[in-house]
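These numbers come from a predicted model, not from an experiment. What's counted below: heavy atoms across the whole structure, side chains too, no hydrogens, waters or symmetry copies.
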Amino acid sequence: MMPGREPDPADALKPLTTVEVDLGALARNVRALKGLLSGTTRLMAVVKANAYGHGAVPVARTALANGADFLAVARISEAAELRKGGIDAPVLMFGVALPGHTAYMADHGIRASITDMAAAKILSQRLKTEGKTLKVHIKVDTGMGRLGLVHEAISAAPSSRAVDHILAIRAMDGLEVEGVYTHLSKADETDKTHTQEQIQRFNRMIAQLAQKGFTPRICHAANSAGIIDLPESHFDMVRPGIAMYGLWPSDQVDRSRVSLAPVMGIRSRLIQVKQVPKGFDVSYGATHVTSRPTTIATVPIGYADGYSRLLSNRGEMLVRGQRAKIAGRVCMDFTMIDVGHIPDAAPGDEVVIIGRQGDQEILADHIAAHMNTINYEVTAGLTGRMSCRYLNPGEQHAQI
């Protein structure tokens with residue numbers, strides 16, 4: 001038990017480590033991104049992976065209240081969570097739709113992604129049997145190399161044309177082709193050559209479809225980086241993910257074009273503070289040995305919360321407005337920091353893991369740099385064990 005004043009009974013069961021999600025910042029980010037678009041271009045808010053760790057249902061509500069028209073998820077369970085949360089906006093599922101999903105998707109307005117002819121035929125047969133019609137968006141691989149009908153410009157078999165496949169899918173029973181889309185693989189890089197080639201291929205395919213009498217209602221390509229740097233990639237709809245959460249797709253996008261604010265913070269408390277001598281071993285494996293007498297404090301967050309073990313002996317936290325380095329290995333439930341340079345650090349002091357304290361700030365980008373990864377992984381990698389507190393919850397209904 002932490003020494004000090006007698007705890008308030010109302011606080012007894014409150015968690016010590018909490019994720020804070022500022023829905024006001026999220027709302028401002030959505031409106032800022034919407035401001036980069038033409039008046040007719042729609043916005044699809046990407047809320048897959050529990051909205052990148054921010055909470056799918058509150059984020060979806062806030063995005064819809066502030067200008068989003070569509071939502072996007074990766075898996076059927078994520079789409080079902082939105083529907084159970086009372087959200088009835090159109091939802092596109094990026095991942096594979098299985099035959100067993102079709103009835104639920106058709107009945108609940110969830111759009112399927114069609115990425116190859118074989119899958120389209122299987123879904124069509126199932127829908128015909130069920131007597132249902134499913135809205136679909138056909139994905140074309142213009143240079144991502146992942147899911148999608150392969151565009152002839154990057155195919156080893158020029159006779160296999162995405163345009164012909166799209167028209168064939170359009171004619172299948174039970175499939176209503178609402179949209180056609182692609183994914184930009186290098187839009188967040190300074191050199192836009194590859195991205196421009198992808199856009200050109202997509203434009204050419206749309207023109208070829210029009211020549212054959214089919215104009216999809218919704219063509220979309222732009223991710224966060226495309227929205228910010230490439231207006232020519234906006235088409236009928238854009239798909240912001242990471243930027244919606246106030247994080248930049250990379251350090252190579254033009255940050256002067258839009259103002260974004262981080263949405264997530266993580267705060268905790270010191271639960272133990274102890275004086276230790278020089279030569280003191282800290283944490284598993286004794287990978288940190290103190291070089292001088294100092295003070296080691298323990299924080300209740302660990303890799304079971306999604307706070308990566310890669311931060312061992314690298315990461316930092318904020319205590320009393322100062323940076324404190326992680327000492328030793330991050331454990332499953334706890335992390336130790338060196339607070340020897342912070343006078344009067346005491347049990348119960350606030351610790352900022354992501355966010356601002358005084359004049360100092362730790363961003364998901366800083367944590368990602370220590371891990372040699374990207375900010376996406378920092379937030380999306382949270383396990384859900386920590387409680388989540390939503391700031392400015394009224395933003396979920398601001399414009400509905």
Do any N or O atoms from the side chain of T41 and from the backbone of M237 form a donor-acceptor pair under 3.5 angstrom?
no
Under 3.5 Å side-chain donor-acceptor pair for D305 and T383
no
Side chains of Q322 and Q360: any donor to acceptor distance under 3.5 Å?
no
May I ask you to decide if the ring planes of F235 and F202 are parallel, tilted or perpendicular, using 30° and 60° as cut-offs?
perpendicular
In Å and rounded to the nearest 0.5 Å, what is the CG to CZ distance from L26 to R31?
9.5 Å
Quick one: do the H234 and S38 side chains pair a donor with an acceptor below 3.5 Å?
no
Inter-residue atom distance I353.CD1 - T17.OG1, 0.5 Å rounding
5.5 Å
Between the side chains of D338 and T294, is a donor N or O closer than 3.5 angstrom to an acceptor N or O?
yes
Would a 4.5 Å heavy-atom cut-off, applied to side chains only, mark Y52 and V47 as touching?
no
Mark yes or no for whether N29, through its side chain, and A25, through its backbone, hold a donor-acceptor pair below 3.5 Å.
yes
If two hydrophobic side chains count as joined below 4.5 Å and joins carry through other members, does M93 share a cluster with V57?
yes
Return yes if a side-chain donor-acceptor contact under 3.5 Å exists between Q252 and T190, otherwise no.
yes
Are L92 and P90 close enough that some pair of their side-chain heavy atoms sits under 4.5 Å apart?
no
Are Y245 and M371 connected, step by step, through hydrophobic side chains (Ile, Leu, Val, Met, Phe, Trp, Tyr) whose heavy atoms are closer than 4.5 Å?
yes
Between I87 and F70, is there a shared hydrophobic cluster once you connect ILVMFWY residues whose side-chain heavy atoms come closer than 4.5 Å?
yes
Mind running side-chain hydrogen bond (donor to acceptor under 3.5 Å, both in side chains) on H194 and S185 for me, showing each step along the way?
CA-CA 8 Å; H194 179 77; S185 65; 3.2 Å; yes
Above 12 or not: heavy atoms from other molecules or residues under 6.0 Å from CZ of R314?
no
Heavy-atom count around K132 NZ within 6.0 Å, excluding the residue itself: above 12?
yes
Partner of I138 under side-chain contact (heavy atoms from CB on, under 4.5 Å), picked from I166, T115, L175, is I166
Using the rule that Ile, Leu, Val, Met, Phe, Trp and Tyr join whenever any side-chain heavy atoms are under 4.5 Å apart, tell me whether V19 and Y303 fall into a single cluster.
no
At what distance, to the nearest 0.5 angstrom, does CD1 of I367 lie from CD1 of I374?
14.0 Å
Tell me whether the count of non-hydrogen atoms from other residues, nucleotides or ligands lying under 6.0 Å of CZ in R320 goes above 12.
yes
Atom CG of D359: over 12 foreign heavy atoms under 6.0 Å
no
Close side-chain approach of I110 to Y104, heavy-atom, < 4.5 Å:
yes
Answer yes if the side chains of S250 and E189 hold a donor-acceptor pair under 3.5 Å, and no otherwise.
no
Using side-chain heavy atoms (C-beta onward) and a distance below 4.5 Å, is D22 in contact with N392?
yes
Intermediate values then yes/no, side chain to side chain contact (heavy atoms under 4.5 Å, CB included), F214 and I206
CA-CA 9 Å; F214 177 47; I206 292 169; over 6 Å; no
With the threshold set at 4.0 Å, does a side-chain nitrogen-carboxylate oxygen contact exist between K48 and E78?
no
Are D141 and L147 close enough, and set up right, to give a side chain to side chain contact (heavy atoms under 4.5 Å, CB included), and what steps lead you there?
CA-CA 6 Å; D141 184 355; L147 294 174; over 6 Å; no
Spacing of I326 atom CD1 and M317 atom CE [to the nearest 0.5 Å]
4.5 Å
Is it the case that the side chains of Q275 and T295 hold a donor-acceptor pair, with the cut-off being a distance below 3.5 Å and no angle test?
yes
Ion pair check, R269 and D349, cut-off under 4.0 Å:
no
What's the verdict on salt bridge (charged side-chain N to carboxylate O under 4.0 Å, His left out) for D69 and R42, showing C-alpha distance, side-chain angles and the deciding distance?
CA-CA 6 Å; D69 306 281; R42 290 186 272 186; 5.5 Å; no
Determine whether L167 and M172 fall in the same hydrophobic cluster, where Ile, Leu, Val, Met, Phe, Trp and Tyr are linked whenever their side-chain heavy atoms lie under 4.5 Å apart.
yes
Set out, in order, the CA-CA distance, both residues' side-chain angles and the distance that settles side chain to side chain contact (heavy atoms under 4.5 Å, CB included) for M332 and Y284, then state yes or no.
CA-CA 11 Å; M332 181 179 286; Y284 290 110; over 6 Å; no
Side-chain heavy-atom pair P249, Y376 within 4.5 angstrom cut-off:
yes
With V352, the side-chain contact (heavy atoms from CB on, under 4.5 Å) member among E316, Q357, E361:
Q357
How long is the gap from OG1 on T195 to CG on L184, to the nearest 0.5 Å?
6.0 Å
Taking atom types as modelled, find out whether H151 and R161 have a side-chain donor-acceptor pair closer than 3.5 angstrom.
no
Check whether any side-chain heavy atom of L363 lies under 4.5 Å from a side-chain heavy atom of I354, and answer yes or no.
no
Please examine the side chains of H101 and R126, heavy atoms only from C-beta on, and report whether any two atoms are closer than 4.5 Å.
no
Look at the side chain of D281 and the backbone N and O of A286, then say whether any donor-acceptor pair between them is shorter than 3.5 Å.
no
Would you check, one step at a time, whether the test salt bridge (charged side-chain N to carboxylate O under 4.0 Å, His left out) holds for D107 with R83?
CA-CA 11 Å; D107 290 343; R83 293 297 185 245; over 6 Å; no
Quick one: do I266 and L382 satisfy side chain to side chain contact (heavy atoms under 4.5 Å, CB included)? Show the steps, please.
CA-CA 11 Å; I266 302 178; L382 299 180; 4.2 Å; yes
CD1 of I228 to OG of S233: how many Å apart, nearest 0.5 Å?
10.5 Å
Does some side-chain heavy atom of I76 sit less than 4.5 Å from a side-chain heavy atom of M105?
yes
If the plane angle is over 60° it's perpendicular, under 30° parallel, otherwise tilted; pick one for Y181 and H220.
parallel
Would you please test R111 and E178 for salt bridge (charged side-chain N to carboxylate O under 4.0 Å, His left out) and show each step?
CA-CA 9 Å; R111 280 68 168 165; E178 178 182 56; 2.9 Å; yes
